[in-house]
Colleague: 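Pasting a structure here, questions to come.
All values reported here derive from a predicted model rather than from experimental measurement.
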Amino acid sequence: IGRGRIFVGNAEAALARSDVVREPMSDHAGVFFLRRSFDGGWNYFIANRKGDALDDWVTVGRSGQSAELMDPMTGEIGMAAIRNLDGQTQVYLQLQPGDSIILRLFKDNVAGGPAWNYWQTNGPAMAITGTWNVNFVQGGPELPAPFTTTQLASWTDQADANAQRFAGSALYTINFDAPTAADPTYILDLGNVCQSARVRLNGKDYGTLMTPPFRVAVDNLKPHDNKLEVEVTNVSANRIRDLDRRHVHWKIFGDIGIVDSDYNHFDASDWPLADSGLMGPVTLTVVEALKR
């Protein structure tokens, strides 16, 4: 048909006749990917959407000599471990459930930057305990009162009514001693976060985490008096709920306005309160480099 062809029959056979290369990584349950070509190779966006961690060699459909991994959450970039086995290209990936990564596969051997950091745990997770200072830094309609807590929970549990209708950001701060005498690298796990978290440890910015797992490798702990800052931003559901409960005229649009999924009048006044803030548990786990 014009410049195209229509194949009727088995999908695998049709794809083969169309020179569409199958991606073997789809054999890993829960692994989702998008692939786009560029001059000299292919870009892959890969996400682990299953309930188990992926820590293995993954076969890709294209043939390459080198590969680079890029984490858009933290900004980390490094050259991936890569090998060719039985005529197929394999890249080593470590993805927790919910993790995603950008893989750049190069046809040729490209000299890049440092090697990608692969980690293996070297001990149990250790909880960060003590008193958290919580200060609301931006948002509305009004900033709730600051509070302290030793038990992390949704800030909507506070007696302050402003906390139940607040949409914005709160800064959680705690000082703690390092759990070990040595100076290793740790995985900092924030546990349950609603909904995004910017992480700073002893003044070093480790990026913004927007989806589970809320984990990042940290390497600048001191023996004593470490300062962890987690700036958490929630969604606007509680703010919208409050506006409709107080009958505030906020749906001011020039066309259809705002409707629900059935195109009926939108009303959020009966929504339940959405959990907000850092709920933890917050832990540190010693890790060491895994050579591949």
Side-chain angles (χ1 to χ4, degrees), residues 30-31 47-56 69 71 73-76 78 92-101 116-134 148-155 157 170-234 275-292:
V31 173
N48 181 11
R49 303 191 297 186
K50 62 179 181 178
D52 298 322
L54 173 63
D55 189 352
D56 202 355
L69 291 173
D71 186 344
M73 295 293 182
T74 64
E76 182 182 359
Y92 201 88
L93 295 179
Q94 288 183 322
L95 294 174
Q96 292 293 319
D99 262 346
S100 59
I101 201 76
W116 181 259
N117 290 317
Y118 295 99
W119 303 111
Q120 61 182 2
T121 58
N122 189 20
M126 298 161 282
I128 294 179
T129 58
T131 300
W132 292 87
N133 295 288
V134 185
T148 60
T149 183
T150 58
Q151 299 293 327
L152 291 171
S154 174
W155 71 51
D157 293 344
L171 181 63
Y172 290 73
T173 306
I174 192 171
N175 291 81
F176 65 97
D177 293 338
T180 62
D183 185 26
T185 297
Y186 296 86
I187 293 294
L188 172 66
D189 191 329
L190 299 181
N192 188 14
V193 176
C194 295
Q195 262 44 59
S196 66
R198 182 177 181 180
V199 179
R200 291 186 294 271
L201 178 61
N202 294 329
K204 182 177 178 179
D205 194 328
Y206 283 95
T208 300
L209 309 176
M210 295 184 289
T211 62
F214 295 95
R215 296 158 43 105
V216 65
V218 296
D219 57 4
N220 65 327
L221 266 71
K222 303 180 295 184
H224 304 286
D225 198 27
N226 294 280
K227 183 178 182 181
L228 174 62
E229 299 171 283
V230 184
E231 186 175 320
V232 180
T233 302
N234 71 341
D275 285 339
S276 302
L278 176 62
M279 287 172 283
V282 181
T283 62
L284 288 167
T285 303
V286 176
V287 293
E288 60 185 13
L290 177 64
K291 301 298 183 181
R292 288 296 177 190

Colleague: Hey, mind stepping through N48 and D99 against side chain to side chain donor-acceptor pair (under 3.5 Å) and telling me if it holds?
Modeller: CA-CA 6 Å; N48 181 11; D99 262 346; over 6 Å; no

Colleague: Below 4.5 Å, heavy atoms only, C-beta onward: do V218 and T185 meet side chain to side chain?
Modeller: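 Sidechains of T185 and V218: no contact.
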
Colleague: Counting distance only, does the side-chain N/O of D177 pair as donor-acceptor with the main-chain N or O of D225 below 3.5 Å?
Modeller: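 Side chain of D177 to backbone of D225, a donor-acceptor pair under 3.5 Å: yes, one is there.
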
Colleague: Can you tell me if CE on M126 sees more than 12 non-hydrogen neighbours from other groups inside 6.0 Å?
Modeller: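 Yes - once you tally the heavy atoms of other residues, nucleotides and ligands closer than 6.0 Å, there are more than 12.
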
Colleague: Are the charged groups of E231 and R198 less than 4.0 angstrom apart, N to O?
Modeller: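 No salt bridge links E231 with R198.
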
Colleague: Would you indicate whether K222, at its atom NZ, is surrounded by more than 12 heavy atoms from other residues, nucleotides or ligands within a distance under 6.0 Å?
Modeller: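 More than 12 within 6.0 Å, yes.
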
Colleague: Closer than 3.5 angstrom, by distance alone: can the side chain of Y118 be matched with the main-chain N or O of L93 as a donor-acceptor pair?
Modeller: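 Between the backbone of L93 and the side chain of Y118 there is no qualifying donor-acceptor contact (under 3.5 Å).
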
Colleague: Is a donor on one side and an acceptor on the other found under 3.5 Å between the side chain of N234 and the backbone of D275?
Modeller: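 Checking the backbone N and O of D275 against the side chain of N234, no donor-acceptor pair under 3.5 Å is found.
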
Colleague: Hey, does the side chain of N226 reach the backbone of L201 with a donor-acceptor pair shorter than 3.5 angstrom?
Modeller: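 No; judged by distance alone, with no hydrogens or angles, the pair does not exist.
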
Colleague: Mark yes or no for whether T121, through its side chain, and G123, through its backbone, hold a donor-acceptor pair below 3.5 Å.
Modeller: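 The answer is no, because no donor-acceptor pair under 3.5 Å joins these two groups.
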
Colleague: Could I get the full list of side-chain hydrogen bond (donor to acceptor under 3.5 Å, both in side chains) partners for D52, not counting sequence neighbours?
Modeller: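 By the side-chain hydrogen bond (donor to acceptor under 3.5 Å, both in side chains) rule, D52 matches no residue at all.
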
Colleague: For D219, what residues pass the side-chain hydrogen bond (donor to acceptor under 3.5 Å, both in side chains) criterion, not counting sequence neighbours?
Modeller: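 Testing D219 for side-chain hydrogen bond (donor to acceptor under 3.5 Å, both in side chains), a comparison that skips the adjacent residues, returns K204, Y206.
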
Colleague: Would the distance check show the side chain of Y172 and the main-chain N or O of L278 forming a donor-acceptor pair, the cut-off being under 3.5 Å?
Modeller: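 Here the side-chain-to-backbone pair exists.
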
Colleague: Does Q94 use its side chain to pair, donor to acceptor, with the backbone of W119 at less than 3.5 Å?
Modeller: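 The answer is yes, because a donor-acceptor pair under 3.5 Å joins these two groups.
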
